[in-house]
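To keep things clear, I will list the structure first and then write my remarks on it.
Position 1 is the first residue of the sequence, and the numbers go up from there.
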Amino acid sequence: MRDDLPLRVVSALVGASLLLLVLWAGLPLILPTLLLLLWIGGLELKEMLAKRGIALHFPGLFLGGVVLYLFSLPPLHWHFPQVPWREVALGLFLLGSFSFELLQGANLPRLAFTLLAFLYLPWNLGYVLLLRETPDPHLGLWILSLPIVASFATDIGAYFAGRFFGRNKLAPSISPGKTVEGSLGGILVSFLAMVAYTSLVREVFPFGILELLFFSLLLSLAAQLGDLAESMLKRYCGVKDSGRFLPGHGGLLDRIDSLLFTFPLTYYLVVLFT
């Protein structure tokens with residue numbers, strides 16, 4: 001095992017405890033937390049891209065994220081369901097970004113990577129606000145916990161399965177340490193964790209085994225895709241970690257990379273099937 005494994009475990013437990021507290025408190029605490037994550041994550045992206053000589057319009061990214069979060073608040077969707085609020089926020093961000101570049105030198109790489117950062121960070125995190133209240137504040141808390149359980153279980157399963165059984169590289173050009181065996185271990189542990197978790201609160205999650213298998217498989221694959229996507233970004237920028245946010249775990253983006261993909265997918269599945 002890695003020498004820093006105890007530090008990683010302690011940091012993960014502290015982070016998970018704080019996350020659960022924020023989610024339990026609801027929107028009054030979730031919204032400022034998302035703003036903090038946007039600020040830290042945006043700065044990490046800015047510093048990483050700077051190593052490739054690419055500028056990121058951080059003020060525009062943060063302001064656009066604030067608008068998107070406000071337009072993701074459930075009351076807007078309840079009272080005005082005919083308005084695609086998040087798409088409106090995206091349109092406003094595009095108009096603002098193009099206008100900024102027309103006035104500030106037409107730096108197209110900056111425009112492109114700022115748009116990528118907007119879709120990668122605040123766009124995906126904004127689904128937390130919707131999930132927390134879907135279909136209601138009580139059930140929303142439990143539904144929001146599913147992608148978190150699946151992501152953490154996938155990470156743990158992939159880490160240990162890859163370390164003990166890993167032989168075949170999964171994506172050697174992007175993340176040489178990840179293996180096919182680790183990926184399968186992540187899927188298996190995610191399914192077992194989902195079965196154990198939902199069995200504790202059967203009145204909230206009346207899922208059958210096949211439904212759980214389908215749901216956990218999709219979420220586990222999304223978590224691994226999120227992990228690989230961030231690895232691709234770090235390799236492109238030539239960095240090992242996105243930052244130093246959490247001791248033993250690297251940057252903030254290193255910790256939430258899988259959640260950035262599982263939150264949206266969970267929302268799509270909930271809307272589709274309910």
In this structure, are over 12 heavy atoms from other groups packed under 6.0 Å from L210 atom CG?
no
Checking Y197 against L146 for the side-chain contact (heavy atoms from CB on, under 4.5 Å) test, could you report, in this order, the C-alpha distance in whole Å, the side-chain angles of both residues, the deciding distance, and whether it holds?
CA-CA 9 Å; Y197 179 63; L146 291 178; 4.1 Å; yes
Strictly by side chain to side chain donor-acceptor pair (under 3.5 Å), give each pair with a member in residues 43-54 just once, sequence neighbours left out.
E44-S242
Side-chain contact, heavy-atom cut-off 4.5 Å: D241 with D254?
yes
Membership question, hydrophobic clusters at under 4.5 Å side-chain separation (ILVMFWY): are I40 and L68 in the same one?
yes
Measure across L252 and G41 and return the closest heavy-atom pair with its distance rounded to 0.1 Å.
CD2-N, 3.6 Å
F263 meets the ring-ring contact (aromatic ring centres under 6.0 Å, His included) criterion, sequence neighbours left out, with none
Return the minimal non-hydrogen interatomic distance between P122 and Y69, and the atom names on each side.
O-CE2, 3.6 Å
Treating S199 as the side-chain partner and V195 as the backbone partner, does any N or O pair qualify as donor plus acceptor under 3.5 Å?
yes
Not counting sequence neighbours, which residues clear salt bridge (charged side-chain N to carboxylate O under 4.0 Å, His left out) with R110? List them please.
E101
Cluster partners of L184, using ILVMFWY side-chain heavy atoms under 4.5 angstrom, listed by chain and number?
L170, V180, L228
Minimal non-hydrogen separation, R235 against P176, with atom names
NH2-CD, 3.3 Å
According to side chain to side chain contact (heavy atoms under 4.5 Å, CB included), who are the partners of P109, at least two apart in sequence or on a separate chain?
N107
Shortest non-hydrogen contact from F118 to G65?
CE1-N, 3.9 Å
Show, in sequence, the C-alpha distance, side-chain angles and deciding distance for L23 and I148, and conclude whether the side-chain contact (heavy atoms from CB on, under 4.5 Å) test is met.
CA-CA 11 Å; L23 297 181; I148 297 173; 3.2 Å; yes
Does L260 reach the side chain of L121, with side-chain heavy atoms less than 4.5 Å apart?
yes
Apply side-chain contact (heavy atoms from CB on, under 4.5 Å) to I256 and E230, showing your working.
CA-CA 10 Å; I256 66 171; E230 203 237 352; over 6 Å; no
Ring pair (Phe, Tyr, Trp, His ring centres under 6.0 Å): pairs with one or both residues in residues 30-55, sequence neighbours excluded:
W39-F58, W39-F62
Interatomic distance, L49 atom CG to L116 atom CG [nearest 0.5 angstrom]:
8.0 Å
Partner set under side chain to side chain contact (heavy atoms under 4.5 Å, CB included) for L63, not counting sequence neighbours
none
Show me, pair by pair, the donor-acceptor contacts under 3.5 angstrom made by side chains of residues 214-222, not counting sequence neighbours?
{"from": "S216", "atom 1": "OG", "to": "L212", "atom 2": "O", "distance (Å)": "2.8"}
{"from": "S216", "atom 1": "OG", "to": "L213", "atom 2": "O", "distance (Å)": "3.2"}
{"from": "S220", "atom 1": "OG", "to": "T154", "atom 2": "OG1", "distance (Å)": "3.0"}
{"from": "S220", "atom 1": "OG", "to": "Q224", "atom 2": "NE2", "distance (Å)": "3.4"}

Determine whether V271 and F261 fall in the same hydrophobic cluster, where Ile, Leu, Val, Met, Phe, Trp and Tyr are linked whenever their side-chain heavy atoms lie under 4.5 Å apart.
yes
What's the spacing between I30 CD1 and L125 CG if we round to 0.5 Å?
11.5 Å
Are any side-chain N or O atoms of E181 and backbone N or O atoms of R167, one a donor and one an acceptor, separated by less than 3.5 Å?
yes
Can you run down the side chain to side chain donor-acceptor pair (under 3.5 Å) pairs that involve residues 117-144, sequence neighbours left out, and say none if there aren't any?
Y127-Y268
All N/O donor-acceptor pairs, side-chain side in residues 74-83, below 3.5 Å, sequence neighbours left out:
{"from": "H77", "atom 1": "NE2", "to": "F71", "atom 2": "O", "distance (Å)": "3.0"}

Does L20 belong to the same Ile/Leu/Val/Met/Phe/Trp/Tyr cluster as L200, with side-chain heavy atoms less than 4.5 Å apart forming each link?
no
Residues which pass salt bridge (charged side-chain N to carboxylate O under 4.0 Å, His left out) with D227, listed by chain and number, not counting sequence neighbours
K178
Approximate separation, where rounding is to 0.5 Å, of T33 OG1 and L27 CG
11.0 Å
What distance do L233 atom CG and F113 atom CZ have between them, rounded to the nearest 0.5 Å?
8.0 Å
All heavy atoms of T262 vs all of S151, minimum pair found to be OG1-OG, 3.1 Å
Are L34 and V67 connected in a single hydrophobic cluster, I mean Ile/Leu/Val/Met/Phe/Trp/Tyr linked by side-chain heavy atoms less than 4.5 Å apart?
yes
Does T114 form a side-chain contact (heavy atoms from CB on, under 4.5 Å) with F93? I'd like the steps, not just the answer.
CA-CA 10 Å; T114 302; F93 179 77; 3.8 Å; yes
Check whether S190 reaches the backbone of G186 with its side chain - one donor and one acceptor, N or O, closer than 3.5 Å.
no
Between K234 and D257, does any side-chain N to carboxylate O distance fall below 4.0 Å?
no
hydrophobic_cluster_shared for L115 and L102, side chain cutoff 4.5 Å
no
V128 side chain reached by S72 side chain, heavy atoms, under 4.5 Å:
no
Any non-hydrogen side-chain atom of Y267 less than 4.5 Å from a side-chain atom of V270?
no
A117: partners by side chain to side chain contact (heavy atoms under 4.5 Å, CB included), with sequence neighbours left out
L45, L56, L61
Please name the pair of heavy atoms, one in A223 and one in S258, separated by the smallest distance, quoted to 0.1 Å.
O-CB, 3.3 Å
